[in-house]
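These figures come from a predicted structure and were not determined experimentally. Both ligands and their constituent atoms are indexed starting at 1 by order of listing.
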Amino acid sequence: MKEQILKHLPAPLRDSVLYFDTVDSTNTQAKRLAAQGAPHGTVLIADHQTGGRGRLGRTFLSPAGTGVYMSVILRPGCLPSELMHLTCAAAVAACDAVERTVGFRPGIKWTNDLVHNGKKLAGILTELGVSPKGTVDWAVIGIGINCLQRQDDFDPAIRSFAGSLAMFAPCDRAKLAAALAEALTGMDLAARAEIMTIYRRSCITLGREVSLLRADEKPRHGRAVGIDEDGALMVEFAPNVVEIINSGEISIRGMYGYT
Ligand code: BTN
């Protein structure tokens with residue numbers, strides 16, 4: 001797999017890739033390496049993760065030979081407030097890589113699930129290290145893409161809404177991993193307005209009835225009416241009462257079993 005990925009990568013990127021047959025979590029290792037000074041653009045790819053991590057403290061199942069599990073270390077040298085669109089940028093880059101290699105463009109469920117025909121194909125976990133001066137020391141973008149799984153391969157807890165690329169089109173994991181590494185390391189984060197325009201076009205949450213699910217709160221229902229320049233979701237909970245949502249889980253009515 002490693003040789004296949006390297007074959008598809010542009011030469012300047014090849015030395016930046018660290019490949020693991022098995023690792024606990026590429027994000028955990030990327031954070032460790034970032035703290036030790038690993039350079040901007042370092043890419044970690046694993047065939048198998050024993051402790052893949054998802055958002056909100058969840059696990060991300062990462063069996064061998066089935067997915068692309070990748071983390072990229074960035075050193076953008078800016079304030080955290082200037083990176084609010086980072087996850088959106090990563091989702092757009094991941095859609096580009098899938099489209100380029102698999103032939104269809106997934107949608108994005110706010111904020112960072114790649115979806116197709118009602119199935120979650122991929123998730124993104126971004127983590128930041130902030131220096132004592134308050135600037136971003138490092139950012140780690142972790143992406144897990146389900147490539148070859150069949151429906152029965154998924155854990156029963158997620159089987160009804162998880163999907164893989166191969167369910168919709170033939171998928172070459174090595175080609176996809178190379179395209180993803182290229183897309184993530186090549187992101188122009190300064191082009192925030194352009195990124196957000198593409199993000200909004202891809203975001204299937206916009207215009208839909210949604211529920212906001214937060215720990216220790218009753219679910220609140222509304223309509224997703226916009227996404228601001230930071231990637232926050234604007235939800236109308238009552239006529240002309242719009243709230244900016246930065247955190248929490250959003251369910252879309254009619255999707256993933258929410259009716
Ligand atoms: C989510 O859907 O909640 C986010 C999942 C992110 C999974 C990826 S796989 C590569 C990287 N390493 C991890 O441990 N997590 C991310």
* Asked: Looking only at distance, does Asp113 have an N or O less than 3.5 Å from an N or O of ligand 1?
  -> no
* Hey, would you say the Phe237 and His221 ring centroids sit under 6.0 Å apart? -> no
* For ligand 1, which atoms have a heavy atom of Arg55 less than 4.0 angstrom away? -> 1 (C), 3 (O), 4 (C)
* To do: Run the numbers for me: atoms of ligand 1, each under 4.0 Å from some heavy atom of Ile124, listed by number.
  => 4 (C)
* **Residue Gly54 vicinity, atoms of ligand 1 by number, heavy atom under 4.0 Å** => 1 (C), 3 (O), 4 (C), 5 (C)
* To do: Output the list of atoms in ligand 1 that are nearer than 4.0 Å to some heavy atom of Ser71, sorted by atom number.
  => 11 (C)
* **Option nearest atom 2 (O) of ligand 1 (shortest heavy-atom distance, choices Arg58, Gln49, Lys120)** => Lys120
* Distance to 0.1 Å, residue and atom name: give those for the protein heavy atom nearest to atom 5 (C) of ligand 1. => Phe60 CD1, 3.4 Å
* Give me the one residue out of Arg53, Glu127, Gln49 that meets side chain to side chain donor-acceptor pair (under 3.5 Å) with Thr28. => Arg53
* Structure fact -> For Gly52, the atoms of ligand 1 under 4.0 Å from one of its heavy atoms are 14 (O)
* Could you tell me whether Glu82 and Arg192 have a side-chain N and a carboxylate O separated by less than 4.0 Å? => no
* To do: Kindly give the heavy-atom pair with the smallest separation between Val210 and Thr205, and that separation in Å.
  => CG1-CG2, 3.9 Å
* To do: Just jot down the ligand 1 atoms closer than 4.0 angstrom to any heavy atom of Arg53, in number order.
  => 5 (C), 6 (C), 7 (C), 13 (C), 14 (O), 15 (N), 16 (C)
* Can Asp96 and Arg105 be said to form a side-chain contact (heavy atoms from CB on, under 4.5 Å), step by step? -> CA-CA 7 Å; Asp96 291 346; Arg105 191 172 182 86; 2.8 Å; yes
* Have a look at ligand 1 and work out which part of Thr28, if any, has a heavy atom under 4.0 Å from it: side chain, backbone, both or neither. => neither
* To do: Go through ligand 1 atom by atom and flag the ones less than 4.0 Å from a non-hydrogen atom of Thr26.
  => 10 (C), 11 (C), 12 (N)
* To do: Could you check if a side-chain atom of Thr50 sits within less than 4.5 angstrom of a side-chain atom of His48, using non-hydrogen atoms only?
  => yes
* Asked: Without hydrogens or angle criteria, can the side chains of Thr126 and Thr87 be said to hold a donor-acceptor pair below 3.5 Å?
  -> yes
* Is there side-chain contact between Thr42 and Pro39, with heavy atoms separated by less than 4.5 Å? -> yes
